[in-house]
2 protein chains.
Amino acid sequence: MMKATKRKKLESNGWKVGSVEDFLELSSEEVAYIEMKHALSNSLRERRTKGKLSQVEAAKIFKTSQSRVAKMEAGDPSVSIDLLVKSLLALGASPKELAKAIS
Amino acid sequence: MMKATKRKKLESNGWKVGSVEDFLELSSEEVAYIEMKHALSNSLRERRTKGKLSQVEAAKIFKTSQSRVAKMEAGDPSVSIDLLVKSLLALGASPKELAKAIS
DNA sequence: GTAGATTATGTCATATTCGACATATAAACA
DNA sequence: TGTTTATATGTCGAATATGACATAATCTAC
């Protein structure tokens, strides 16, 4: 947390000071959603690399393309939570593990 | 679990005997996915009713229509996990609560 | 009963997500 | 160095999810 004194100083110099979500004008729900997606993305990459799989190999398992796997792991906006969940399940993750990842 | 004797009898009569997922030809991943969706659907209805909200009122909060809310709670195939998650977050659920719901 | 509120179901045009492809960038290693 | 393997990025037509609407079914008081 930023100190109140520093905050005041910055604000007096014309800066708007706030959290990252304020800056990007995201509501806390949007932040939570994005963070959940990132948690799943990271989980996916972890599982894949721990299984010594390349993105090409993982793509075969998921019946998709390497580029989409890359986007999944990058948390690309074009990737849905559904796709991340399905992919994680396909790598053998259990719902409990998914729950752990997002909490 | 079905008894082996009964299984044999049924199979000898031309029946394929197995679990529900076998019957519907669903893989365990597909089952897990559907179960996760249902858990979120149920969670959503619980939260909405506990908050004394009608589907119409919830729809306003979600910026969608009553019919889509009904489909969300029914676990309709046309509803994504993304939409369920976003709606739950809009009702004030935390990622931890979502995690609890699916595990 | 029946009137009003609530929830469910079917459909559709639009929006978003999808797999795929091309190509760029990066990492590993001789 | 150059070659190979892995990952990232941009784009596109096809597939899927979306909000909205109409209408049906179900509840809830009176």
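Lettering follows sequence order; numbering is per chain, from 1.
In this structure, Lys96(A) and Ile102(B) have side chains that are not in contact, with every pair of non-hydrogen atoms separated by 4.5 Å or more. Leu98(A) is listed as a side-chain neighbour of Leu89(A), based on a closest heavy-atom distance under 4.5 Å.
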| message | Walk me through whether Lys52(B) and Glu57(B) qualify under salt bridge (Lys or Arg N to Asp or Glu O under 4.0 Å). | response | CA-CA 9 Å; Lys52(B) 313 280 189 196; Glu57(B) 292 169 318; over 6 Å; no
| said: Walk me through whether Met72(A) and Leu40(A) qualify under side-chain contact (heavy atoms from CB on, under 4.5 Å). | reply: CA-CA 9 Å; Met72(A) 287 187 216; Leu40(A) 294 172; over 6 Å; no
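Looking at every heavy atom in both residues, Ala32(B) comes nearest to Pro95(A) through CB-CG, 4.1 Å.
Axis angle across the helix from dG1(C)-dC30(D) to dA30(C)-dT1(D), with five pairs used at each end and values rounded to 10°: 50°.
The shortest distance between the side-chain N/O atoms of Arg68(A) and the OP1/OP2 oxygens of dT7(D) is not below 4.0 Å. For dA8(D), one of the phosphate oxygens OP1 or OP2 lies less than 4.0 angstrom from a side-chain nitrogen or oxygen of Gln55(A).
Judged by closest nucleotide on DNA chain C, Val69(B) is the one of Lys63(A) and Val69(B) placed further toward the 5' end. Residue Arg48(A) is the one, among Arg48(A) and Ile81(B), whose nearest nucleotide of DNA chain D lies closer to the 5' end (criterion: closest heavy atom).
Of the candidates dA6(D), dC18(C), dG19(C), dC18(C) carries the atom nearest the Ser80(A) side chain, counting heavy atoms from C-beta on. Of the candidate nucleotides dA8(D), dT11(C), dA8(C), dA8(D) has the atom nearest to the side chain of Arg45(A). In this structure, of dT7(C), dG19(C), dA8(D), it is dG19(C) that holds the atom nearest to the side chain of Ser65(A). Out of dT11(C), dT7(C), dT7(D), the shortest distance to the side chain of Val56(A) is found at dT7(D). The side chain of Ser67(B) has dC21(D) as its nearest neighbour among dT18(D), dA20(C), dC21(D).
As a whole-Å value, the separation of Lys71(B) NZ from dT23(D) P is 15 Å. Rounding to whole angstrom units, CG of residue Leu53(B) and P of dA5(C) are separated by 17 Å. Distance Asp76(B) CG to dT16(D) P: 14 Å, rounded to the nearest Å. Separating the CG atom of Leu44(A) from the P atom of dA8(D) is a distance of 11 Å, rounded to the nearest angstrom. Atom CG of Asp82(B) is separated from atom P of dT18(D) by 7 Å (rounded to the nearest Å). Between the C1' atom of dG19(C) and the CD atom of Gln66(A) lies a distance of 12 Å, rounded to the nearest Å. For Glu73(B) and dT7(C), the CD to C1' distance is 9 Å, given to the nearest whole Å. As a whole-Å value, the separation of Lys52(B) NZ from dT28(D) C1' is 15 Å.
Listed for the Asp82(B) side chain is no donor-acceptor partner under 3.5 Å among the backbone atoms of Ser80(A). A donor-acceptor distance shorter than 3.5 angstrom exists from the side chain of Arg48(B) to the backbone of Leu53(B), with no hydrogens or angles considered.
Ser78(A) comes within 4.0 angstrom of the backbone, heavy atoms only, and of no base. As judged by a 4.0 angstrom heavy-atom cut-off over every strand, Val79(B) is placed among residues touching the sugar-phosphate backbone only.
Classification of Arg47(A) and Glu97(A) as a salt-bridged pair holds, one side-chain N sitting under 4.0 Å from a carboxylate O.
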